[in-house]
Amino acid sequence: MRQGKYPFIVGFLAAPVLLYVVFVISPYIQAFQISMTNWKGISANPQFIGLENFTRLFEDEVFWAAVRHHGVLLLVMPLVTIVIALFFAFLLNLSGGQRDGRMTGIWGSKVYRVIFFLPQVLAVAIVGVLFQAIYRPDGTGVINGLLGKVGIEPVGWLIDPDIALLSIIAVMVWQAVGFYVVLFSAGMSSIPKDVFEAAALDGAGRFTLFFRITIPLLWDTMQVAWVYLGIAAFDAFALVQVLSVDRGGPDNSTTVLPLEIWRTAFNFSKFGYASAMGVALFFMTITFAALTLRVTRRERIEF
């Protein structure tokens with residue numbers, strides 16, 4: 001090892017790097033190449049058309065509708081998910097007051113963690129089918145059935161263009177909250193309990209413990225959560241595919257870029273144009289992650 005550590009390290013890294021290049025970097029490069037062609041998915045020698053596909057994107061109303069929907073997703077989904085997850089994580093870990101000189105969570109917190117995490121175990125398609133029954137527009141739907149019992153007319157959760165996207169975002173939040181409750185709980189458990197106990201002895205209430213101590217010390221974890229949720233907001237393919245009317249409807253009110261990429265490639269056989277959408281989505285995702293890490297950067301607090 002001492003005499004030949006570099007060959008040893010290279011030997012271990014060679015296979016993973018090779019696999020990464022073949023299965024990750026190579027498809028990206030191929031996507032960039034295909035985006036500059038008019039490939040229909042059949043011809044072995046597609047025609048090179050330069051930036052024509054990207055020029056068409058600027059005139060594509062459906063593309064810009066999908067971009068606007070991603071903007072709504074980026075504003076609503078991460079914010080709501082993080083707020084709810086922080087609230088529940090604080091309840092489960094630190095809201096029970098002091099017991100034997102230590103801060104504790106509410107009674108049965110371990111059971112609640114398992115319950116909150118259950119949606120993460122379900123496949124996305126199963127979640128979509130489940131909420132199809134919940135959102136059903138007639139009286140047989142779970143929500144509309146309950147509304148009907150109190151005399152409220154059924155609501156077209158997925159067929160009303162004004163609320164269809166928000167209804168799908170609610171499902172995305174429901175599925176994601178459990179994971180981030182566990183993530184924030186792990187972050188809170190790594191904070192020395194002496195900090196909370198000292199603050200409680202000084203008269204700090206739960207409001208102060210949450211906003212003045214928990215959030216600042218949990219900032220790095222929240223930053224990671226925001227990036228992950230933002231990337232999830234740029235996806236949303238499976239739920240929109242299963243829940244939306246006519247795959248992105250009604251009237252393109254719920255369409256997202258991954259769905260448009262799939263539809264353009266496999267329904268209309270415009271693989272070159274679909275690849276251009278994919279390249280645009282790639283750069284939007286990278287830009288979002290970089291900006292988020294830059295804007296939310298702050299000094300690290302060491303314990």
Side-chain angles (χ1 to χ4, degrees), residues 16-41 46-82 124 165 168-169 172 176 220 222-241 244 247-248 252-298:
V17 170
L18 179 62
L19 290 173
Y20 187 81
V21 169
V22 171
F23 292 106
V24 178
I25 302 299
S26 176
Y28 279 131
I29 295 174
Q30 290 178 348
F32 295 152
Q33 177 187 0
I34 294 172
S35 68
M36 296 186 180
T37 68
N38 64 349
W39 191 44
K40 304 293 185 183
Q47 180 184 357
F48 180 80
I49 58 175
L51 299 177
E52 182 178 326
N53 286 326
F54 295 97
T55 304
R56 288 175 56 195
L57 287 179
F58 288 99
E59 303 173 355
D60 191 337
E61 294 182 0
V62 177
F63 171 80
W64 288 111
V67 172
R68 288 193 298 271
H69 297 156
H70 283 299
V72 175
L73 284 164
L74 285 173
L75 286 174
V76 178
M77 181 199 163
L79 180 61
V80 174
T81 303
I82 289 176
V124 179
L165 182 61
I168 294 176
I169 291 176
M172 296 174 67
D220 290 342
M222 292 171 57
Q223 184 186 54
V224 172
W226 196 283
V227 173
Y228 284 174
L229 285 165
I231 294 173
F234 276 114
D235 182 9
F237 170 82
L239 282 176
V240 174
Q241 168 86 339
S244 64
R247 294 174 180 172
N252 293 320
S253 61
T254 60
T255 190
V256 289
L257 279 177
L259 181 62
E260 286 305 314
I261 292 170
W262 175 83
R263 182 157 46 192
T264 302
F266 296 102
N267 284 6
F268 306 126
S269 297
K270 298 179 179 180
F271 284 83
Y273 190 51
S275 296
M277 289 186 182
V279 171
L281 178 60
F282 169 80
F283 282 110
M284 281 190 284
T285 306
I286 293 296
T287 301
F288 164 79
L291 286 176
T292 300
L293 293 174
R294 175 64 180 174
V295 171
T296 61
R297 187 173 61 182
R298 54 181 291 178

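Here the side chain of N267 pairs no donor or acceptor atom with the backbone of W262 at under 3.5 angstrom. Side-chain atoms of N252 never come within 3.5 Å of backbone atoms of V62 as a donor-acceptor pair (strictly under, hydrogens ignored). Of the possible polar contacts, none joining the H69 side chain to the V256 backbone as a donor-acceptor pair under 3.5 Å is found. Looking only at distances, a side-chain donor or acceptor of T254 sits under 3.5 Å from a matching main-chain atom of G248. Within the 3.5 Å criterion, the main-chain N or O of P78 finds no donor-acceptor partner in the side chain of T81.
Smallest separation of non-hydrogen atoms from W226 and T292: CD1-CG2, 3.6 Å. Pairing each heavy atom of L165 with each of S253, the nearest pair is CB-O, 3.8 Å. Taking all atoms of both residues into account, the shortest heavy-atom contact from A265 to F271 is O-CE1, 3.3 Å.
Taking CG of L74 as the start and CD1 of I231 as the end, the distance is 10.5 Å to the nearest 0.5 Å. With rounding to the nearest 0.5 Å, the separation of CG in L257 from CH2 in W64 is 9.5 Å. Distance check, rounded to the nearest 0.5 Å: OG of S275 to CG of L281 gives 12.0 Å. In this structure, the separation between CD on E52 and CG on N38 is 8.0 Å, given to the nearest 0.5 Å. To the nearest 0.5 angstrom, M77 atom CE is 12.5 Å from I168 atom CD1. The CZ atom of F234 lies 5.0 Å from the OG1 atom of T285; values are rounded to the nearest 0.5 Å.
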Would M277 and L57 count as a side-chain contact (heavy atoms from CB on, under 4.5 Å) if you check the C-alpha gap in whole Å, the side-chain angles of each, and the deciding distance to 0.1 Å? CA-CA 8 Å; M277 289 186 182; L57 287 179; 3.7 Å; yes
Given the rule in the side-chain contact (heavy atoms from CB on, under 4.5 Å) test, do Y28 and V279 qualify, once you have shown the distances and angles that lead to the verdict? CA-CA 8 Å; Y28 279 131; V279 171; over 6 Å; no
Go through F282 and F32 one step at a time and tell me if the ring pair (Phe, Tyr, Trp, His ring centres under 6.0 Å) criterion holds. CA-CA 10 Å; F282 169 80; F32 295 152; 5.8 Å; yes
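Residues P258 and H70 meet the side-chain proximity criterion, which asks for heavy atoms closer than 4.5 Å. In this structure, M36 and I49 have side chains that are not in contact, with every pair of non-hydrogen atoms separated by 4.5 Å or more. D60 places none of its side-chain heavy atoms less than 4.5 Å from the side chain of E260. Proximity of T255 to V240: side-chain heavy atoms (C-beta onward) are nowhere separated by under 4.5 Å.
Counted within 6.0 Å of CZ on F54, heavy atoms from surrounding residues, nucleotides or ligands total more than 12; the atom is thus considered enclosed. Other residues, nucleotides and ligands place more than 12 heavy atoms under 6.0 Å from the CZ atom of F48.
Under 4.0 Å is where a charged nitrogen must lie from a carboxylate oxygen, and between R56 and E59 no such pair does.
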